There are 2 protein chains.
Amino acid sequence: MNQDKLSLTFAALGDPTRRAILVRLSKGEASVSELAKPFMSEMSAPAITKHLKVLEKAGLITKGREAQWRPCKLNGEPFKEVSQWLEHYRQFWEESFDRLDEYLKTMTKATKKKGKKNVRKK
Amino acid sequence: MNQDKLSLTFAALGDPTRRAILVRLSKGEASVSELAKPFMSEMSAPAITKHLKVLEKAGLITKGREAQWRPCKLNGEPFKEVSQWLEHYRQFWEESFDRLDEYLKTMTKATKKKGKKNVRKK
DNA sequence: TGGTTATTTAACCGATAAGGTAATTATGAA
DNA sequence: TTCATAATTACCTTATCGGTTAAATAACCA
C-alpha cells in the first residue's frame with residue numbers, strides 16, 4: 001500500500017463494503033460476525049476479515065478481544081485528518097455560490113450604469 | 001474500478017501524486033506538462049496522463065483544450081460529496097472533546113458532592 | 001476430552017493499478 | 001513541408017486488490 005497515512009485512509013474508504021462497515025460501526029461496536037452478517041450472501045468471512053484489516057491499518061477502526069469475539073469500534077482520528085485535508089478545497093465546492101454572488105453583483109452594477117449587459121442567451 | 005461515484009473519488013484521492021496534483025490545481029489551472037513538471041524526475045509523462053485520467057473519471061478535474069495544451073482545472077463537486085459523507089462521522093472525531101466535557105461535568109458533580117474523586121495521577 | 005462457534009491464516013486466482021518505453025496524434029511555427 | 005512540442009495511446013511488466021476454499025487457532029461448553 002501507499003505508505004502515508006492519508007493514502008491508507010482514502011484507499012480504505014474507496015470500497016463500498018468497507019464504507020458500509022463504517023456506517024454500521026457508527027451505530028456502535030460490533031463483532032466481526034455481526035459486521036459480516038449483511039454481506040453473508042455476497043461474501044465469505046475471510047473477505048470481511050481482510051476488509052477489517054484494511055480499515056484497521058488505516059486506523060479507522062480498532063479491534064478488541066472478548067472471549068472468542070473481536071469487538072470492533074470506530075476510531076475518529078483519521079476522519080479528522082480527512083476533514084482537515086478537505087478544508088483546503090472548501091472554496092471550490094462553495095464556488096458556485098461565489099459565482100452566483102459575483103454574477104448578481106455584476107448585474108446590479110451594470111443595471112445601475114446602463115442596464116442589461118451580458119445577459120445570458122438561452 | 002469500483003463503479004460508484006464515492007468509491008471512484010476516494011480511490012482517486014488515495015494516491016499522493018494525485019493529491020499533489022490537486023494541490024497544484026487549487027492554485028489555478030495548469031497544462032498537463034506544467035502539472036508533470038514536479039514529478040519529472042520520478043515519473044514519466046504517460047504516468048501523469050494516467051493519473052489525470054483517474055482524477056477526471058472521479059470528476060475531480062476537467063480538461064479543456066487550447067491548441068496543443070490541455071488546461072486542467074479543479075472541480076469542486078466531488079469534494080462536496082466527500083465532505084457530506086464525512087459529516088456523518090463528525091461526532092467521532094470530536095468525541096475527545098465530548099469525553100473531556102463529560103469528564104469535567106463528572107468532576108464538577110463529584111466535587112460538589114464530596115470533592116476530589118478520580119483525580120488523575122501524574 | 002470432544003464439540004461448537006468465532007475468527008484468522010495460507011494458498012491460490014483473476015482483475016486491475018501503476019509504472020515503464022516506444023510509437024502516434026495534434027497543433028503551431030519555420 | 002518539415003520540425004518541435006504537448007499529450008496520448010499501445011503494449012508490456014509487476015504488484016496489489018478483492019475474492020475464493022480449506023485448514024488452523026482460539027475460546028467457550030458439555
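Small disclaimer: the values here were computed from a predicted structure and weren't measured. Chain naming here is simple, since letters A, B, ... match the order of the sequence lines and numbering starts at 1 in each.
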Between C/dT9 (C1') and A/Glu56 (CD): distance, integer Å = 15 Å
Atom-to-atom span, CD1 of B/Ile48 to P of C/dG19 - whole angstrom | 8 Å
Taking the side chain of A/Ala67 as heavy atoms from C-beta outward, which of C/dG28, D/dA27, D/dA22 is closest to it?
-> D/dA27
Does D/dT5 have OP1 or OP2 sitting under 4.0 Å from an N or O in the side chain of B/Ser33?
-> no
Nearest-nucleotide 5' precedence on DNA chain D, B/Trp69 against A/Ser44 = B/Trp69
Pairwise side-chain contact, B/Arg19 with A/Phe10, heavy-atom cut-off 4.5 Å (strictly under) = yes
How long is the line joining CD of B/Glu42 and C1' of C/dA18, in whole Å?
-> 14 Å
Under a single-linkage definition using a 4.5 Å side-chain heavy-atom cutoff for Ile, Leu, Val, Met, Phe, Trp and Tyr, are B/Met43 and B/Leu22 assigned to the same hydrophobic cluster?
-> yes
Integer-rounded Å distance: C/dG20 P and B/Met43 CE = 6 Å
Please state how far atom CG in A/Leu13 lies from atom P in D/dG18, giving the value in whole angstrom units.
-> 12 Å
B/His51 side-chain N/O to C/dA17 phosphate OP1/OP2 under 4.0 Å | no
side-chain N/O B/Lys53 vs C/dA18 OP1/OP2, d < 4.0 Å | no
If each of B/Arg70 and A/Glu66 is mapped to the nucleotide of DNA chain D with the nearest heavy atom, which maps nearer the 5' terminus, i.e. the 5' end?
-> B/Arg70
For C/dA18, does either OP1 or OP2 sit under 4.0 Å from a side-chain N or O belonging to B/Arg18?
-> yes
In terms of ring plane angle, is the pair A/Trp93 and B/Phe79 parallel, tilted or perpendicular, where the classes change at 30° and 60°?
-> parallel
Hey, does the side chain of B/Arg65 come within less than 4.0 Å of D/dA7's phosphate (OP1/OP2), counting only N and O?
-> no
Whole angstrom value for the distance that separates C1' of C/dA6 from CG of A/Leu35 | 13 Å
Pairwise side-chain contact, A/Glu66 with A/Ser31, heavy-atom cut-off 4.5 Å (strictly under) | no
Tell me which of A/Pro71 and A/Lys50 sits closer to the 5' end of DNA chain C, going by the nucleotide each one is nearest to.
-> A/Pro71
Are A/Arg70 and A/Glu56 within salt-bridge range, i.e. N to O under 4.0 Å?
-> no
Atom-pair distance (CZ on A/Phe10; P on C/dA17), nearest Å | 18 Å
From CD of A/Gln68 across to P of C/dA6 the rounded distance in Å is 7 Å
Is the distance from OP1 or OP2 of D/dT8 to the nearest side-chain N or O of B/Thr49 less than 4.0 Å?
-> yes
